[in-house]
Every structure is written in structure tokens, then in C-alpha cells.
Amino acid sequence: QVELRESGGGVVQAGGSLRLSCDGSGRASRDYSVGWFRQAPGKEREFVAAGPWRGSRLFYADSVKGRFAISRDNVRNTVYLQMDSLETSDTAVYFCAVGRHILSSVRTTSGYTNWGQGTQVTVSS
């Protein structure tokens, strides 16, 4: 029902910032969640941040709390991931995803059914 496209990745120095965008070309139900995940080479895909398509409660991985922030533009139907104070360990392909908003699954890949293709974020030292 919804097709996602990430953008905004690139190469930055440690301590720098990037803002990723997740553009939803389709429509999601009001009870859906949007999540950000990342996957580094040789690593499993891990949760980064999430929030309901419509709502205010946000979720963050401990590793990014205080550095990353998820937000949305209701007019553009776009979700953003603002990444500040980037560290080399943040290097990964970042994905956005949507799924039915179930609280117990919001931090897991199994909680999402539609995924974007990913955008590369590389943080250099």
C-alpha cells in the first residue's frame, strides 16, 4: 500500500550531522508506525528510531538517544531522521519501514512489512 524511499545519506566527518528523509509515495493507515533501522556490513539490521504515522510517542535505540531525532512533515508525507554528533559506529545503510503499530513490535524488524531500499551513511574519523 505504501512505497518508501530514503534519501539524504552521504559521507560526513565524525561529529557532523545528516538528515535522512523517508518519502512515502503511498498511504498508510493512521495506526501504522514508521521505523528507522540500519545495517552495517556483516551486522544484523538493528533498530534506530520509530514513531506512529500519526501520533507523538517516539522510540529510540539507546545508542542514538540524545543524538538522533525522528520527526515528520504531514504535508509532504515525509519522515525525517536528524542525526547529530555522528560517530564512526553509525556507519551503515539506513532503512525506513512501515508496519502496523503494535507497541510490542515497534523496535523489531518483524513489526514492519514495507521497506525502502536504504541510503548509505558513512562517518569517517
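Here, residue 1 is the first one in the sequence, and each next residue gets the next number.
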Spell out, yes or no, whether Val34 and Val48 are grouped together once hydrophobic residues are joined by side-chain heavy atoms under 4.5 Å, including indirect joins.
yes
Least distance between heavy atoms, Ala40 atom then Thr91 atom
CB-O, 3.6 Å
In this structure, OH of Tyr94 is separated from CD of Gln120 (nearest 0.5 Å) by 9.5 Å
Could you report the tightest heavy-atom contact between Gly35 and Ala50, atom names first, then the distance?
CA-CB, 3.8 Å
Would you find more than 12 non-hydrogen atoms of other residues, nucleotides or ligands less than 6.0 Å from Arg45 atom CZ?
yes
Give the intermediate values and the outcome of side-chain hydrogen bond (donor to acceptor under 3.5 Å, both in side chains) for residues Asp73 and Thr78.
CA-CA 5 Å; Asp73 185 327; Thr78 300; over 6 Å; no
Are Tyr32 and Phe47 linked, directly or through intermediate hydrophobic residues, by side-chain heavy-atom contacts shorter than 4.5 Å (ILVMFWY only)?
no
Test side-chain contact (heavy atoms from CB on, under 4.5 Å) on Asp84 and Phe68 and set out the steps.
CA-CA 6 Å; Asp84 297 326; Phe68 291 10; over 6 Å; no
From CA spacing to verdict: side-chain contact (heavy atoms from CB on, under 4.5 Å), Cys22, Tyr80
CA-CA 6 Å; Cys22 178; Tyr80 302 98; over 6 Å; no
Please give me the minimum heavy-atom distance between Lys43 and Gln39, naming the atom from each residue.
O-NE2, 3.1 Å
Taking Asn77 for the side chain and Gly24 for the main chain, is one N or O donor matched with an acceptor at less than 3.5 Å?
yes
How would you list all residue pairs meeting ring-ring contact (aromatic ring centres under 6.0 Å, His included) that involve residues 103-125, not counting sequence neighbours?
Phe37-Tyr112, Phe37-Trp115
Does Asp23 pair with Arg76 as a salt bridge, N-O distance under 4.0 Å?
no
Under 4.5 Å between side-chain heavy atoms, hopping through other hydrophobics if needed: is there a path connecting Val106 to Val79?
no
Out of curiosity, Arg19 CZ to Ser7 OG, how far, rounded to the nearest 0.5 Å?
9.0 Å
Give the minimum heavy-atom separation between Glu6 and Thr119, together with the two atoms involved.
CB-CG2, 3.8 Å
Hey, mind stepping through Val121 and Met83 against side-chain contact (heavy atoms from CB on, under 4.5 Å) and telling me if it holds?
CA-CA 10 Å; Val121 172; Met83 306 185 296; 3.8 Å; yes
Are Val123 and Leu81 grouped together when hydrophobic residues (ILVMFWY) are joined by side-chain heavy atoms under 4.5 angstrom apart?
yes
Atom pair CZ/OG of Arg67 and Ser17 - distance to nearest 0.5 Å:
10.0 Å
For the pair Ile70 and Trp36, evaluate side-chain contact (heavy atoms from CB on, under 4.5 Å) and give the outcome as yes or no after the intermediate values.
CA-CA 9 Å; Ile70 188 172; Trp36 286 97; 3.6 Å; yes
Ser125 and Gln13: which non-hydrogen atoms are nearest, and at how many Å?
O-NE2, 3.7 Å
Are Val2 and Leu20 linked, directly or through intermediate hydrophobic residues, by side-chain heavy-atom contacts shorter than 4.5 Å (ILVMFWY only)?
yes
Look up atom CD in Gln82 and atom CG in Leu18, then write down how far apart they are to the nearest 0.5 Å.
8.5 Å
I need the Ser105 OG to Arg100 CZ distance, nearest 0.5 Å.
11.5 Å
Roughly how far, to the nearest 0.5 Å, is CZ of Arg38 from SG of Cys96?
15.5 Å
